[in-house]
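Ligands are counted one by one from 1 in listed order, and the atoms in each one are counted from 1 as well. Here the structure is a predicted model, which means the values were calculated and not measured.
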Amino acid sequence: MGDKRDLYIGGQWQAASGKKTFPVYNPSNGEVWTRVADAGREDAKRAIEAAQEAQPAWAALPHSERARLLSKAADVLTARQKEFQDSLIDEGGAWVGKTMFETGYSIGVYRAAAAAAYQVTGEILPSDHGKLSLVVREPLGVVSVISPWNFPLILSSRGFAVALAVGNAVVLKPSEETPVSGGVLIAEILEEAGIPKGVFNVVTCSRDNVAEVGDELIANPLVRGISFTGSTAVGSKVAAKAGGLLKKCCVELGGKDALIVLDDADIEQAVNAATFGSFMHQGQICMSVERVIVDRSVAAEFTEKFVQNTKKLKVGNPREMANCIGPIINQKQLDKIREQVDEAVAKGAKVLCGGGNEGLFFEPTVLANVTREMKIFREETFGPVAPVLVANGVDEAIEIANDSEYGLSAGIMTRNEERGLQVARRLHTGMAHINDSSVNDEPHVPFGGVGSSGLGRHGGRAGIDQFTEMRWITLERGGRHYPPPFLMNPGH
Ligand code: NAD
């Protein structure tokens with residue numbers, strides 16, 4: 001095995017063709033943590049070609065063998081969790097508790113993908129002509145995977161694991177913020193697990209090169225499928241480009257999720273859901289609670305307790321278990337959070353707690369008097385800020401929640417389960433959770449959003465559909481009649 005900060009192409013560790021590298025920073029102290037290879041278009045092209053060469057043999061393996069290798073990847077990851085946890089803290093600014101969750105969850109992603117290899121099923125259809133009429137699923141070929149920094153191990157793994165299981169070969173481009181835990185270390189795991197050379201490739205690059213590398217990963221004619229997780233701004237362009245080239249594309253994008261607290265909610269449970277949902281990983285989760293919508297009759301009690309609970313959260317070095325609030329990933333993200341909070345305050349919002357920052361560490365913040373005219377209501381914040389809005393009854397709460405271009409997930413707090421289910425059905429989101437925060441994921445569920453939150457679904461059976469092509473194949477058995485003029489012997 002070569003230098004672990006290199007590209008991984010065709011089973012070989014190698015420097016970028018221009019020999020360039022780029023720095024990866026530790027957001028907790030601003031220092032350069034490592035340098036990784038800075039690939040260009042040519043490197044991406046080579047990785048795609050390596051994947052194309054390896055894919056037919058990979059697809060031809062028995063599904064049980066692909067499953068065995070993915071299970072082995074889960075075993076190797078289990079043994080090497082600590083390395084991932086360290087790099088998730090250092091390059092990702094993650095709280096140590098979050099890294100334990102992330103590695104544990106990702107092991108499940110590989111196990112679920114191994115199971116998915118056994119579930120690529122087809123259909124036998126009735127035929128007008130008595131044919132044997134089959135619907136079969138086949139891998140797409142080469143799939144490009146582009147992933148974000150906030151849960152780099154989970155979201156890279158989720159992006160490609162089922163795609164691999166069903167027989168595709170993959171080129172992964174992790175985020176420039178987290179190229180090690182989102183890419184380089186994953187390649188080490190898959191290499192150690194024995195995934196054949198070329199089946200899985202990793203190309204890291206800086207923001208400077210991402211336009212050309214990204215373009216190659218989408219436009220190269222050998223690429224037949226794209227899995228993108230990231231912002232709506234970038235993802236909509238990726239989807240448009242892929243759509244123009246008639247390629248299958250799954251884009252998991254931003255969110256502005258609501259937590260609705262109804263008049264009959266268990267207030268303590270609602271406070272816990274709001275606190276976890278708003279502030280876990282500093283609010284840098286696509287399905288973070290970004291709008292808390294509370295029924296007027298319980299608003300005062302809920303808000304007071306929510307603020308009390310928020311004030312307990314400790315900000316600081318995320319290596320320490322007590323500090324569950326670490327740094328924001330970079331200055332650009334911090335500036336966005338600051339701008340949204342300042343704009344809201346200028347328009348009349350009240351800071352009930354937090355609001356300040358020291359370097360990249362932003363205090364968990366609760367805002368009251370939030371209105372729909374504020375950016376904090378409409379735009380994704382991706383930071384530890386919980387805007388509270390008051391609703392007059394369930395219909396208004398739903399109407400406020402649905403007043404968003406996004407539609408990823410939602411939470412509904414109520415003691416009445418039937419009512420919770422009714423509200424869930426009326427929300428315009430891909431996912432909804434009753435008596436829980438909006439932050440939920442499991443490896444086998446159809447994860448995804450509507451509207452500006454994306455297109456397509458990852459996970460389990462939905463992932464199989466996403467990364468396979470459906471084909472119709474028939475076998476004629478003497479029942480098909482052509483018009484007589486076309487026949488050699490019309491009399492027969
Ligand atoms: P981002 O869109 O800036 O970057 C995502 C990925 O796209 C990175 O790997 C980046 O290098 C790459 N990229 C950037 N420009 C590109 C281009 N021109 N062509 C191809 N690729 C390009 O997003 P981010 O800041 O890394 O992640 C945060 C965003 O991701 C938030 O909006 C969040 O809501 C979203 N997200 C969504 C989900 C989901 O499942 N819906 C999960 C996590 C994060």
Is the shortest distance from a heavy atom of Ser147 to ligand 1 less than 4.0 Å?
yes

Interfacing atoms of ligand 1 (cut-off 4.0 Å, heavy-atom, Phe228):
2 (O), 5 (C), 6 (C), 7 (O)

Any nitrogen or oxygen of Arg207, main chain or side chain, under 3.5 Å from a nitrogen or oxygen of ligand 1?
yes

Under 4.0 Å between a Lys/Arg side-chain N and an Asp/Glu carboxylate O for Arg224 and Glu469?
no

For residues Thr381 and Gln340, is any side-chain donor paired with an opposing acceptor at under 3.5 Å?
yes

Answer yes when Asp86 and Lys82 have at least one side-chain N-carboxylate O distance shorter than 4.0 Å, and no when they do not.
yes

Ligand 1 contacted by Phe151 (non-hydrogen, < 4.0 Å)
no

Contact (N/O only, under 3.5 Å) between Thr232 and ligand 1:
no

Taking distance alone, with N or O pairs closer than 3.5 Å, would you say Ser231 contacts ligand 1?
yes

Salt-bridged, Arg46 to Asp43, with N to O below 4.0 Å?
yes

Going by atom types alone, do Glu177 and Ser175 pair a side-chain donor with an acceptor below 3.5 Å?
no

What about the rings of Trp149 and Phe382, do their centers lie closer together than 6.0 Å?
yes

Contact (N/O only, under 3.5 Å) between Arg158 and ligand 1:
yes

Nearest neighbour in protein (non-hydrogen) for atom 42 (C) of ligand 1:
Cys286 SG, 3.1 Å

for atom 26 (O) of ligand 1, nearest protein heavy atom and its distance come out as Trp149 CD1, 3.0 Å

Which option out of Ser409, Pro148, Gly230 puts a heavy atom nearest to atom 30 (O) of ligand 1?
Gly230

Looking only at protein heavy atoms, which one is nearest to atom 41 (N) of ligand 1, and how far off is it?
Leu253 O, 2.7 Å

Pro196 side chain near Trp58 side chain, heavy-atom distance below 4.5 Å:
yes

Need the ligand 1 atom indices (1-based, order shown) with element for anything under 4.0 Å from a heavy-atom of Thr229.
5 (C), 37 (C), 38 (C), 39 (C), 40 (O), 42 (C), 43 (C)

Starting from atom 18 (N) of ligand 1, what is the nearest protein heavy atom, named by residue and atom, and what distance separates them?
Ala211 CA, 4.1 Å

Do NZ/NE/NH1/NH2 and the carboxylate oxygens of Glu176 and Arg207 come within less than 4.0 Å?
yes

Taking distance alone, with no angle check, do Leu155 and ligand 1 share an N/O pair under 3.5 Å?
no

When distances are taken from atom 32 (O) of ligand 1, the protein heavy atom at minimum range is Glu380 OE1, 2.6 Å

Is any N or O atom of Asn150, backbone or side chain, closer than 3.5 Å to an N or O atom of ligand 1?
no

Which atoms from ligand 1 have a heavy atom of Gly254 less than 4.0 Å away?
32 (O), 34 (O)

Do Ser452 and Glu405 have side-chain N/O donor and acceptor atoms under 3.5 Å apart?
yes

Of the listed options (Gly159, Gly214, Ser453), which comes nearest to atom 19 (N) of ligand 1 when hydrogens are ignored and any heavy atom counts?
Gly214

side-chain contact (heavy atoms from CB on, under 4.5 Å) between Glu339 and Asp342: does it pass, once the steps are laid out?
CA-CA 5 Å; Glu339 199 233 312; Asp342 289 352; 6.0 Å; no

What is the closest protein heavy atom to atom 11 (O) of ligand 1, and at what distance does it sit?
Glu176 OE1, 2.6 Å

Are the charged groups of Glu379 and Lys336 less than 4.0 angstrom apart, N to O?
no

Could you tell me the residue and atom name of the protein heavy atom closest to atom 28 (C) of ligand 1, and the distance to it rounded to 0.1 Å?
Phe382 CE2, 3.7 Å

Here the atoms of ligand 1 under 4.0 Å from any heavy atom belonging to Ile146 are 6 (C), 7 (O), 9 (O), 12 (C), 20 (C), 21 (N)

Please identify which atoms of ligand 1 are closer than 4.0 Å to at least one heavy atom of Glu252.
37 (C), 38 (C), 39 (C), 40 (O), 41 (N)

I'd like to know if Arg372 and Glu399 make a salt bridge, using a cut-off of under 4.0 Å between side-chain N and carboxylate O.
yes

Taking the six-membered ring of Phe377, is NZ or CZ of Lys256 closer than 6.0 Å to its centre and within 45° of its axis?
no

Counting C-beta onward and ignoring hydrogens, is there a side-chain heavy-atom pair between Gln85 and Val96 closer than 4.5 Å?
no

Which residue and non-hydrogen atom of the protein lie closest to atom 17 (C) of ligand 1, and at what distance in Å?
Val234 CG1, 3.9 Å

